[in-house]
J.: 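This structure is in structure tokens; I'll ask about it shortly.
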Amino acid sequence: MMASSYSAKEEDGHHSGSAGLGGAAIRTRKPDNTAFKQQRLPAWQPILTAGTVLPAFFIIGLIFIPIGIGLYVTSNNIKEFEIDYTGTDMSSPCFNCSQSFSWNSTTPCRCVLFFSLDQPFEEPSKECEPYRTNENKPIAPCGAIANSMFNDTLDLFYIDPNGTKTQIPLMKKGIAWWTDKHVKFRNPGGSNPNLTAVFIETAKPVNWRKPVYELDTDPENNGFINEDFIVWMRTAALPTFRKLYRIIQKKNNMAPTLPRGNYSLEVTYNYPVRSFEGRKRMILSAISWMGGKNPFLGIAYITVGSICFFLGVVLLFIHHKYGNRNNSSDIPN
């Protein structure tokens, strides 16, 4: 009959074998017999069954298929017309150019290709509906956003103790994004300064009091590059929004931009809002290193930081309560 003994120290990585030279005990590299080092911690993993997987596939399919159909139909409705002028065919007008032209050629080779369109390429786009045409002329600028452009005029006056009114100069340039002003928006006609002649075949938007080429007397702020128009065309994501109307230039570092005292605001009321229960406000705002007043960013950082701090406190409590226990769960002899 054979018998074997069990040593808890052997489970912990310590063996009670015979001593070697010098009486030193033989040690192994076996991890300690703890739940963490022996991978016996409680774990959770999802069990994929037909009852959980199939509904997810059906829901994703029902959401993605209509979106895909809409995108596919929209893509197919976009008209394209291709003209291949490589000149590989002998019948192509550019055949001779493709044969004789080289990188170091100093004489340009010209070829003319004639083509016809079976269907017209509409301009402006149908996306401008229902504000696309007026009096059988294309509206410029077209669309509902342009048609609803804000057109109130605000004038600010400072009233000194003697009752004298002094108008505060409001800068109407520099309120739009640089990329919108110099890249995204352009007037037709190239360098033609006569915008009246350029827009002669167009009609003004239905709700506008004057055409687009009379938005300003300054040619650098007129037509499609008018900064009030550009600011309005950058639409807001929410129904309650703010738009930069004017900038009050600081005179010098010694005097405040708007001194303490009485003011008057004269409004030319052109923009009706009672039909949709809208509200209009004029807001005087200072700026800081982060721009104008926007509490959302600070609230977002506070929320995320508070959640992280709370989780840190919870984990610290768990570590303090359970981490001081004996890490080695030795099995008694």
Side-chain angles (χ1 to χ4, degrees), residues 62-64 66-67 69-71 73-74 124-134 138-156 170-181 183-185 203-212 215-216 221 223-248 258 263-307:
L62 292 175
I63 294 175
F64 277 57
I67 296 176
I69 293 174
L71 294 175
V73 172
T74 303
S125 171
K126 288 184 178 180
E127 295 178 356
C128 291
E129 297 290 355
Y131 300 99
R132 180 186 171 201
T133 59
N134 187 23
I139 295 176
C142 65
I145 299 175
N147 185 66
S148 64
M149 177 181 167
F150 180 81
N151 60 348
D152 281 356
T153 302
L154 307 179
D155 293 311
L156 187 63
L170 304 177
M171 297 181 59
K172 55 187 175 182
K173 296 178 66 175
I175 62 175
W177 291 15
W178 187 93
T179 52
D180 287 351
K181 174 76 173 181
V183 178
K184 186 176 180 180
F185 289 84
K204 69 177 182 64
V206 178
N207 291 345
W208 285 25
R209 296 178 178 268
K210 50 189 176 182
V212 67
L215 291 179
D216 201 321
N221 193 43
F224 288 162
I225 59 173
N226 177 263
E227 298 203 22
D228 286 327
F229 170 70
I230 294 174
V231 169
W232 184 257
M233 290 302 292
R234 182 167 286 278
T235 54
L238 301 175
T240 302
F241 56 88
R242 295 185 180 187
K243 292 287 187 181
L244 181 58
Y245 179 71
R246 294 292 183 265
I247 297 175
I248 302 176
L258 293 178
Y263 293 84
S264 66
L265 177 67
E266 296 186 6
V267 178
T268 304
Y269 203 105
N270 297 323
Y271 196 81
V273 294
R274 296 191 63 179
S275 60
F276 53 90
E277 298 181 356
R279 307 287 297 183
K280 299 185 293 183
R281 297 178 178 89
M282 191 278 290
I283 300 174
L284 294 174
S285 175
I287 59 174
S288 65
W289 60 269
M290 61 172 292
K293 185 176 181 180
N294 185 10
F296 173 79
L297 190 62
I299 294 173
Y301 271 89
I302 292 173
T303 303
V304 175
S306 300
I307 294 174

J.: What pair of heavy atoms forms the shortest contact from P141 to P205, and how long is it?
T.: O-CG, 3.4 Å

J.: Not counting sequence neighbours, which residues clear side chain to side chain contact (heavy atoms under 4.5 Å, CB included) with K204? List them please.
T.: P211

J.: If I take atom CG from residue D228 and atom CH2 from residue W232, how far apart are they, to the nearest 0.5 angstrom?
T.: 11.0 Å

J.: Who passes side chain to side chain contact (heavy atoms under 4.5 Å, CB included) against I248, sequence neighbours left out?
T.: L156, I168, L170, T257, L258, L284

J.: Just to verify, what does N207 make a side chain to side chain donor-acceptor pair (under 3.5 Å) with, not counting sequence neighbours?
T.: none

J.: With sequence neighbours left out, what residues match Y131 under ring pair (Phe, Tyr, Trp, His ring centres under 6.0 Å)?
T.: none

J.: Test side chain to side chain contact (heavy atoms under 4.5 Å, CB included) on D180 and R234 and set out the steps.
T.: CA-CA 9 Å; D180 287 351; R234 182 167 286 278; 3.0 Å; yes

J.: So, W177 side chain and I230 main chain: donor-acceptor pair closer than 3.5 Å or not?
T.: no

J.: On a heavy-atom basis, which atom in F150 and which in D152 lie closest, and how many Å separate them?
T.: CZ-CB, 3.2 Å

J.: Any pair with a residue in residues 141-151 that passes salt bridge (Lys or Arg N to Asp or Glu O under 4.0 Å), sequence neighbours left out, goes on the list, sorted by first then second residue, please.
T.: none

J.: Please name all residues satisfying side chain to side chain donor-acceptor pair (under 3.5 Å) with K243, sequence neighbours left out, ordered by chain then number.
T.: none

J.: Applying side chain to side chain donor-acceptor pair (under 3.5 Å), can you list everything that pairs with R242, at least two apart in sequence or on another chain?
T.: none

J.: With sequence neighbours excluded, what pairs up with Y245 under the ring pair (Phe, Tyr, Trp, His ring centres under 6.0 Å) test?
T.: none

J.: What's the spacing between L297 CG and I302 CD1 if we round to 0.5 Å?
T.: 10.0 Å

J.: Please tell me if the side chains of F185 and M233 come closer than 4.5 Å, counting only heavy atoms from C-beta onward.
T.: yes

J.: With sequence neighbours excluded, what pairs up with K172 under the side chain to side chain donor-acceptor pair (under 3.5 Å) test?
T.: D216

J.: Please, which pairs that meet salt bridge (Lys or Arg N to Asp or Glu O under 4.0 Å) have at least one residue in residues 269-279, sequence neighbours excluded?
T.: none

J.: Under the side chain to side chain contact (heavy atoms under 4.5 Å, CB included) criterion, do K181 and N221 qualify, and how do the steps go?
T.: CA-CA 9 Å; K181 174 76 173 181; N221 193 43; 3.7 Å; yes

J.: L238 and F241: which non-hydrogen atoms are nearest, and at how many Å?
T.: O-CD2, 3.5 Å

J.: Does CZ in F64 sit with more than 12 non-hydrogen atoms of other residues, nucleotides or ligands closer than 6.0 Å?
T.: no

J.: Does T303 have any side chain to side chain contact (heavy atoms under 4.5 Å, CB included) partners at least two apart in sequence or in another chain, and if so, which?
T.: I299, I307

J.: Please examine the side chains of E227 and L215, heavy atoms only from C-beta on, and report whether any two atoms are closer than 4.5 Å.
T.: no

J.: I'd like a table of donor-acceptor pairs (distance under 3.5 Å, sequence neighbours excluded) in which one partner is a side-chain atom from residues 265-273, with atom names and distances.
T.:
| residue | atom | partner | partner atom | Å |
| --- | --- | --- | --- | --- |
| E266 | OE2 | K165 | NZ | 2.6 |
| N270 | OD1 | R209 | NE | 3.4 |
| N270 | ND2 | N151 | O | 3.0 |
| Y271 | OH | S148 | O | 2.9 |

